Amino acid sequence: MKKLFSFLALSIFSFLFSQTDVKMSSDKSQVGHIYKGGQKKFETDLTNNLRYTANAFQANGDFKLSFNINDKGEVANVKLLPELYDKSFEREVKRDLKRMEKYFAGSHNQDVSVNLSFGRDFQPSDGRVAFQARAPFAGQTGSR
């Protein structure tokens, strides 16, 4: 029983620290009028869809995702910049975006561009900064 409990605790602990945080930002409300639920819902859905892919590929860094919504409501011309040598991450991002295709209303062509930031830096919900390096106490030096 102790072995099972130890394994379970270790698994949960390692899972908690292996999550990738996905942040999305855009210059303006680009899809608010064509996405069912508006811009805020689009941002939430996209970050939730990309979270698994980001964890699987251990993504870290900033990317620009641009795509077009055609008059039928289909996602087309998906580009992820900067381009990567291994196209499998880009292929999975495109697949995640295609899952959201059913929520777009096709009325006219719309170009969409969003900034994505993948990282493992989690900010607490109350805005505090955790694990911040500090200067030594006043009057103390690094060596004794």
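We use all heavy atoms of the structure for the numbers below, so side chains are in, but hydrogens, waters and symmetry mates are not. It should be emphasised that the depicted structure is a prediction, and the values quoted were computed from it without experimental measurement.
When every heavy atom of S117 is checked against every heavy atom of D62, the shortest pair comes out as OG-OD1, 2.9 Å. Nearest heavy-atom pair, V78 versus E90, reported as atom, atom and distance to 0.1 Å: O-OE2, 4.4 Å.
No continuous path of hydrophobic side-chain contacts links L97 to L81 [ILVMFWY only; heavy atoms under 4.5 Å]. Taking hydrophobic clusters as Ile, Leu, Val, Met, Phe, Trp and Tyr residues chained together by side-chain heavy-atom distances below 4.5 Å, F63 does not share a cluster with Y52.
Annotation: the span from M100 atom CE to N48 atom CG amounts to 9.5 Å, rounded to 0.5 Å. The CG atom of L84 sits 11.5 Å away from the CZ atom of R91 when rounded to the nearest 0.5 Å. With values rounded to the nearest 0.5 angstrom, L46 atom CG is found 8.0 Å from D96 atom CG. Rounded to the nearest 0.5 Å, atoms NZ (K102) and CD (E74) are 15.0 Å apart. Separating the CD1 atom in I69 from the CD1 atom in I34 is a distance of 5.0 Å, to the nearest 0.5 Å. In this structure, CG in L80 is found 9.0 Å from NZ in K87, a value given to the nearest 0.5 Å.
When side chains are defined from C-beta on, K64 does not count as touching K79, because their heavy atoms never get closer than 4.5 Å. For the pair V93/L65, a side-chain contact is recorded, criterion being any heavy-atom separation below 4.5 Å from C-beta on.
Ring orientation note: the planes of F67 and F42 are tilted relative to one another, at an angle of 30° to 60°.
No more than 12 heavy atoms of other residues, nucleotides or ligands shown are found within 6.0 angstrom of NZ on K40.
Taking the ring-ring contact (aromatic ring centres under 6.0 Å, His included) definition, one finds that F57 meets it with F89, sequence neighbours left out. Checked against side-chain hydrogen bond (donor to acceptor under 3.5 Å, both in side chains), D45 has the following partners two or more places apart in sequence or in another chain: Y35, K41. Applying the salt bridge (Lys or Arg N to Asp or Glu O under 4.0 Å) rule to K98 yields the partners E101; only residues at least two apart in sequence or on another chain are considered.
N68 and D111 form a side-chain donor-acceptor contact under 3.5 Å, judged by distance and modelled atom types alone.
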